[in-house]
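The block underneath contains the structure these notes are about, expressed in structure tokens.
Order of the sequence lines sets the chain letters (A, B, ...), proteins ahead of strands, with each chain counted from 1.
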Amino acid sequence: MILAREFYARPTLDVARDLLGKVLRHRTGDGVTAGRIVEVEAYIGEDDPACHAAPGPTERNAPLYGPPGVAYVYFNYGLHHMVNAVTEPKGRPAAVLIRALEPIEGLDLMRRRRGQLRWRQGKPAPTDHELCRGPGNLTAALGITLAQNRLGLTRGPLVIHDDGERVADIAWSPRIGISVGTEHLWRCTVADSRAVSGSKRPPRS
DNA sequence: CGTTCGATGCACT
DNA sequence: GTGCATCGAACGT
């Protein structure tokens with residue numbers, strides 16, 4: 001069952017927790033790729049210094065101020081796309097960054113897309129659990145680019161759905177890759193997933 | 001184990 | 001011009 005808009009129109013930390021175990025699926029002309037969400041981070045409001053809404057509304061962060069259940073995709077470090085799900089009722093800028101998936105469908109296509117990146121040419125092929133480990137890796141594997149920015153996640157080529165699977169243990173830890181706002185434990189992971197990113201495994205709950 | 005660093009594009013000041 | 005919500009190899013300890 002595809003998650004409805006109301007799922008996203010809630011407190012962001014609740015949405016982040018409930019997204020663990022759900023399936024992100026992208027359909028393109030090349031085929032379908034999908035994976036189970038095992039790592040997310042919450043970015044909440046203009047008072048959160050790490051949130052893209054911190055400077056106030058701009059052209060780039062406009063999707064954060066729009067309706068929930070929409071994809072917010074941006075490009076950074078010159079080579080990586082990041083995909084977020086916009087949360088909270090319209091007007092409250094917040095989102096959940098999707099950081100890692102366990103691949104479910106389209107693994108061959110994922111591998112092909114990962115191998116296409118210039119910087120990766122000549123590198124060893126990623127293992128199954130590395131294909132969608134890390135926010136930059138999963139967007140590459142699923143073929144998510146700025147073309148998917150502002151797409152609704154409740155229908156169409158890019159959706160998040162519930163296939164009935166339930167995750168057992170989750171853990172909260174500090175968000176990574178940022179220099180401010182690290183006091184919040186707003187990173188939520190499936191405790192024992194091999195696909196979770198980072199050199200250090202987050203603490204077991 | 002840990003830290004450093006290059007590749008690379010664009011929004012923002 | 002500066003600084004990223006990164007990745008992964010190459011180092012040092």
Side-chain angles (χ1 to χ4, degrees), chain A residues 8 12-13 15-17 19-20 24 35 37-66 70-88 92-101 103 110-150 153 172-189 194-203:
Chain A
Y8 300 95
T12 303
L13 294 179
V15 177
R17 176 198 62 215
L19 278 176
L20 294 184
L24 177 65
I37 299 170
V38 294
E39 176 181 358
V40 296
E41 284 176 1
Y43 289 86
I44 311 175
E46 295 179 348
D47 292 333
D48 173 5
C51 181
H52 280 188
T58 66
E59 190 169 341
R60 176 172 73 152
N61 66 24
L64 295 176
Y65 290 84
V70 167
Y72 169 48
V73 182
Y74 67 93
F75 186 58
N76 106 358
Y77 290 110
L79 45 160
H80 298 297
H81 296 275
M82 306 280 138
V83 62
N84 300 250
V86 175
T87 60
E88 312 260 354
R92 289 169 157 276
V96 173
L97 169 69
I98 301 175
R99 291 191 55 92
L101 311 173
M110 290 181 183
R111 254 184 294 271
R112 237 174 299 145
R113 285 170 172 158
R114 290 285 310 268
Q116 253 166 249
L117 296 187
R118 180 182 296 279
W119 63 267
R120 174 165 257 292
Q121 306 260 345
K123 299 295 191 302
T127 64
D128 288 359
H129 279 97
E130 288 167 346
L131 279 172
C132 300
R133 171 186 292 170
N137 286 335
L138 79 87
T139 52
L142 267 61
I144 295 173
T145 68
L146 287 176
Q148 280 70 46
N149 190 27
R150 299 172 184 259
L153 293 169
W172 293 92
S173 55
R175 296 175 293 181
I176 61 178
I178 55 174
S179 54
V180 289
T182 51
E183 67 276 17
H184 298 120
L185 304 183
W186 286 354
R187 178 179 183 227
C188 192
T189 55
R194 296 181 55 208
V196 169
S197 71
S199 52
K200 277 185 293 200
R201 212 40 72 80

Send over the distance from [X] [atom1] to [N] [atom2], rounded to a whole Å.
X         : N       : atom1 : atom2 : value
Ile176(A) : dT6(C)  : CD1   : P     : 7 Å
Met82(A)  : dA11(B) : CE    : P     : 15 Å
His52(A)  : dT13(B) : NE2   : C1'   : 16 Å
Arg99(A)  : dC7(C)  : CZ    : C1'   : 11 Å
Glu39(A)  : dA5(C)  : CD    : C1'   : 11 Å
Glu41(A)  : dC4(C)  : CD    : C1'   : 14 Å
Tyr74(A)  : dC10(B) : OH    : C1'   : 13 Å
Leu138(A) : dA5(C)  : CG    : P     : 16 Å

Discussion item. Does the plane of the ring in His81(A) sit parallel, tilted or perpendicular to the ring in Phe75(A)? Use 30° and 60° as the thresholds.
Written reply: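 Tilted, since the angle between the ring planes falls between 30° and 60°.
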Considering just the side-chain nitrogens and oxygens of [X], establish if one lies under 4.0 Å of OP1 or OP2 belonging to [N].
X         : N      : answer
Asn137(A) : dG8(C) : yes
Arg60(A)  : dA5(C) : no
His80(A)  : dA5(C) : no

Fill in: Short N-O contact, Asp128(A) and Arg133(A), less than 4.0 angstrom
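Not counted as a salt bridge, because no side-chain N and carboxylate O are separated by less than 4.0 Å.
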Worksheet entry | Steps toward side chain to side chain contact (heavy atoms under 4.5 Å, CB included) verdict (Arg175(A), Asp48(A)) | CA-CA 12 Å; Arg175(A) 296 175 293 181; Asp48(A) 173 5; 2.8 Å; yes
Practice prompt. Find the partner of dT8(B): check Watson-Crick (N1-N3 plus N6-O4 or O6-N4) and G-U wobble (N1-O2, O6-N3) distances, both under 3.5 Å, and reply none if neither fits.
Written response: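 Paired with dT8(B), as far as the under-3.5 Å criterion goes, is no nucleotide at all.
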Fill in: side chain to side chain contact (heavy atoms under 4.5 Å, CB included) assessment of Met82(A) paired with Tyr74(A)
CA-CA 6 Å; Met82(A) 306 280 138; Tyr74(A) 67 93; 3.3 Å; yes
Practice prompt. Mark this stacking check for Phe75(A) against dG9(B) as yes or no, applying ring centres under 5.5 Å and ring planes under 30°.
Written response: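 Phe75(A) ring does not meet the centre or angle cut-off for dG9(B); no stack.
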Worksheet item: Between the main-chain N or O of Cys188(A) and the side-chain N or O of Arg17(A), is there a donor-acceptor pair closer than 3.5 Å?
Response: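 Checking the backbone N and O of Cys188(A) against the side chain of Arg17(A), no donor-acceptor pair under 3.5 Å is found.
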Fill in: N/O donor-acceptor pair, side chain Tyr77(A) with base dA5(C), under 3.5 angstrom
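It does not, because no donor-acceptor pair links the side chain of Tyr77(A) to the base of dA5(C) below 3.5 Å.
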Worksheet item: Heavy atoms under 4.0 Å, any strand shown: does Ile178(A) hit a base, just sugar-phosphate, or nothing?
Response: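 Touches sugar-phosphate only.
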Fill in: Whichever of Pro135(A) and Gly78(A) has its nearest DNA chain C nucleotide further upstream toward 5'
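Nearest-nucleotide comparison on DNA chain C picks Gly78(A).
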